[in-house]
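Accompanying notes for the structure given below.
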Protein chains: 2
Amino acid sequence: MVLSNRTTLFCGIDDPAKMIEKLGCREESFQKDSIIVHKGDIIRSFAMVLDGSASVLRYDIEGNGNLVSVIDEGEIFAEAFGVEGSPSPVTIVARENATVLWFPLDKVLEERTLVCNLLIVSAERNLFLTKRLEHLSKRSLRDKVLSFLEEMREKNGSDEFDIELDRQEMADYLASDRSALSLVLSKLRKEGMLDFRKNHFVLKFTPKA
Amino acid sequence: MVLSNRTTLFCGIDDPAKMIEKLGCREESFQKDSIIVHKGDIIRSFAMVLDGSASVLRYDIEGNGNLVSVIDEGEIFAEAFGVEGSPSPVTIVARENATVLWFPLDKVLEERTLVCNLLIVSAERNLFLTKRLEHLSKRSLRDKVLSFLEEMREKNGSDEFDIELDRQEMADYLASDRSALSLVLSKLRKEGMLDFRKNHFVLKFTPKA
DNA sequence: AGTACCATGTTGCAAGTACAACATATTCTC
DNA sequence: GAGAATATGTTGTACTTGCAACATGGTACT
């Protein structure tokens with residue numbers, strides 16, 4: 001992967017490669033399914049995926065690993081608990097053969113531009129999490145769906161838009177069942193609240209706020 | 001309220017008052033129920049509550065204001081969308097007569113220690129949001145409850161602990177109904193999974209992970 | 001066009017949940 | 001301790017959801 005100063009992290013940094021050198025970052029390769037971060041690890045660094053991708057997993061009480069998120073090439077991870085200095089609440093594994101670049105936080109914190117960029121990344125993630133929480137805190141799937149679609153409308157600035165998620169992903173995002181989601185969507189359509197076809201949606205209700 | 005360098009934001013800063021002066025922060029007072037931040041506002045700053053407290057509200061499609069969180073004295077707010085430069089997704093109102101201190105971000109970003117501290121605050125909030133999301137993404141209330149209690153166990157390092165929330169707050173936190181929560185708790189007790197009395201809980205199940 | 005494959009929609013059913021209303025228990029105040 | 005106020009537990013009902021199984025529709029490939 002080519003490092004570019006167009007990514008949020010390197011924004012405003014002339015020569016990312018030089019900066020990486022200066023920070024003493026180290027590259028590490030992982031085989032598919034090997035563990036990058038164990039739950040409970042305390043790491044005083046954060047990382048960027050240079051090649052491949054990684055899965056963030058959380059193990060529930062029954063020992064099942066649940067997928068929390070996927071980290072693709074160029075994205076960074078572990079910055080939250082890295083910065084905070086607390087043990088990792090998640091396990092991170094390589095989805096395929098992958099290479100990651102570790103940034104030592106003590107050095108990073110001395111680079112004003114990098115810290116600012118990291119702060120922006122953190123703030124972005126924060127907003128994203130808040131929005132999802134907003135949807136999930138609705139009591140019914142119907143309200144979750146409406147809340148989600150309302151966000152999409154705001155994001156696109158139009159009553160008509162496409163969404164990136166397929167039904168299964170949308171159901172997962174809203175923490176529900178795919179067929180239950182289909183049911184709710186069909187019902188909303190019958191009621192004339194909206195129309196849709198695959199990932200194309202047209203909203204016919206208006207927010208009263 | 002007395003500003004102290006024991007708060008996260010001022011950690012490592014000898015003289016917070018002097019720093020505030022240097023940054024050109026301004027104090028602003030709000031009457032109870034007056035709006036501190038309107039939804040949609042773009043603010044290039046963040047704020048700390050000096051006196052009183054504030055509510056973070058989100059208005060849903062039907063125009064109902066839902067309480068997202070409460071900001072108490074000494075806590076900061078608006079740092080996420082302030083830093084990110086995006087319009088506020090929430091409305092923030094004074095719960096009582098309140099005074100807040102605005103920090104201009106352009107100045108703050110020049111202060112290395114402050115930026116690092118802000119990054120830590122953001123990371124902490126991030127972890128908090130992630131945990132709540134973790135609970136809310138469970139499909140059933142039963143699993144949400146178990147997930148929540150598991151977090152409490154980890155946090156307290158013991159099978160026996162008190163929680164800060166009463167039933168109504170716990171139900172809200174888990175995005176469910178109070179009586180439904182009571183029902184689930186009673187059922188879990190009958191099954192011998194746990195025991196409780198008001199906010200005191202004793203877990204009798206073990207995580208298999 | 002034919003086939004296979006995948007995404008989406010639909011149905012039936014069992015179980016869980018929201019909501020309301022009431023019962024009991026606890027705490028607070030006097 | 002009495003009574004009020006608040007918190008928690010319980011019950012009943014209508015509805016929603018999860019789940020499984022199947023139907024339909026679209027897409028890709030040959």
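Values reported hereafter were calculated over all heavy atoms of this structure, with side chains retained and with hydrogens, waters and symmetry mates removed. As the structure is a prediction and not an experimental result, all values here were calculated from the model.
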In whole angstrom, what separates A/L136's CG from D/dT17's C1'?
-> 15 Å

What is the distance from CG of A/D172 to P of D/dC19, rounded to the nearest Å?
-> 11 Å

Can you tell me the distance, in whole Å, between the CG atom of A/D166 and the C1' atom of D/dG26?
-> 14 Å

To the nearest Å, how far apart are A/L141 CG and D/dC15 P?
-> 17 Å

What are the atom names and distances for every N/O pair under 3.5 Å that joins the protein to nucleotides 9-12 of chain D?
unit_1 : atom_1 : unit_2 : atom_2 : d
D/dG9  : OP2    : B/R167 : NE     : 2.9
D/dG9  : OP2    : B/S182 : OG     : 3.1
D/dG9  : N7     : B/R178 : NH1    : 3.1
D/dG9  : O6     : B/R178 : NH2    : 2.9
D/dT10 : OP2    : B/S186 : OG     : 2.6

Rounded to the Å, how far apart are A/L181 CG and D/dT16 C1'?
-> 14 Å

Roughly how bent is the helix from C/dA1-D/dT30 to C/dC30-D/dG1 end to end, in steps of 10 degrees, with each end axis from five pairs?
-> 50°

Write out all pairs satisfying salt bridge (charged side-chain N to carboxylate O under 4.0 Å, His left out) with one or both partners inside residues 163-188 of chain B, taking only residues at least two apart or from two chains.
-> A/R139-B/D172

Is there any side chain to side chain donor-acceptor pair (under 3.5 Å) pair reaching into residues 70-82 of chain A, and which pairs are they, with sequence neighbours excluded?
-> A/E79-A/R125

B/E191: what forms a side-chain hydrogen bond (donor to acceptor under 3.5 Å, both in side chains) with it, not counting sequence neighbours?
-> B/R142

Contacts satisfying salt bridge (charged side-chain N to carboxylate O under 4.0 Å, His left out) that involve residues 82-101 of chain B (not counting sequence neighbours) are none

Partners meeting salt bridge (Lys or Arg N to Asp or Glu O under 4.0 Å) with B/D51 (sequence neighbours left out) = none

Salt bridge (Lys or Arg N to Asp or Glu O under 4.0 Å) filter on B/K204, not counting sequence neighbours, yields B/D195

Residue pairs passing the salt bridge (charged side-chain N to carboxylate O under 4.0 Å, His left out) test with at least one member in residues 28-44 of chain A, sequence neighbours excluded, are A/R26-A/E28, A/K39-B/E154

Non-neighbouring partners of B/F128 that pass ring-ring contact (aromatic ring centres under 6.0 Å, His included), sequence neighbours left out | none

Between B/N199 (CG) and D/dT8 (P), how many Å, whole number?
-> 7 Å

Contacts of A/S176 and B/L165 projected onto DNA chain D by closest heavy atom; the upstream (5') one is B/L165

If you count the non-hydrogen atoms of other residues, nucleotides and ligands that lie under 6.0 Å from CG in A/D162, is the total more than 12?
-> yes

On DNA chain C, reading 5' to 3', which nucleotide is the first and which the last to sit with an atom under 4.0 Å from a heavy atom of chain B, could you check?
-> C/dT17 to C/dT27

Scan residues 26-50 of chain B for pairs that pass ring-ring contact (aromatic ring centres under 6.0 Å, His included), counting only residues two or more places apart or in two chains.
-> B/F46-B/F103

Give the minimum heavy-atom separation between A/A175 and A/K144, together with the two atoms involved.
-> O-NZ, 4.4 Å

Could you tell me whether B/D177 contacts a base, only the sugar-phosphate backbone, or nothing, with contacts defined as non-hydrogen atoms closer than 4.0 Å?
-> base

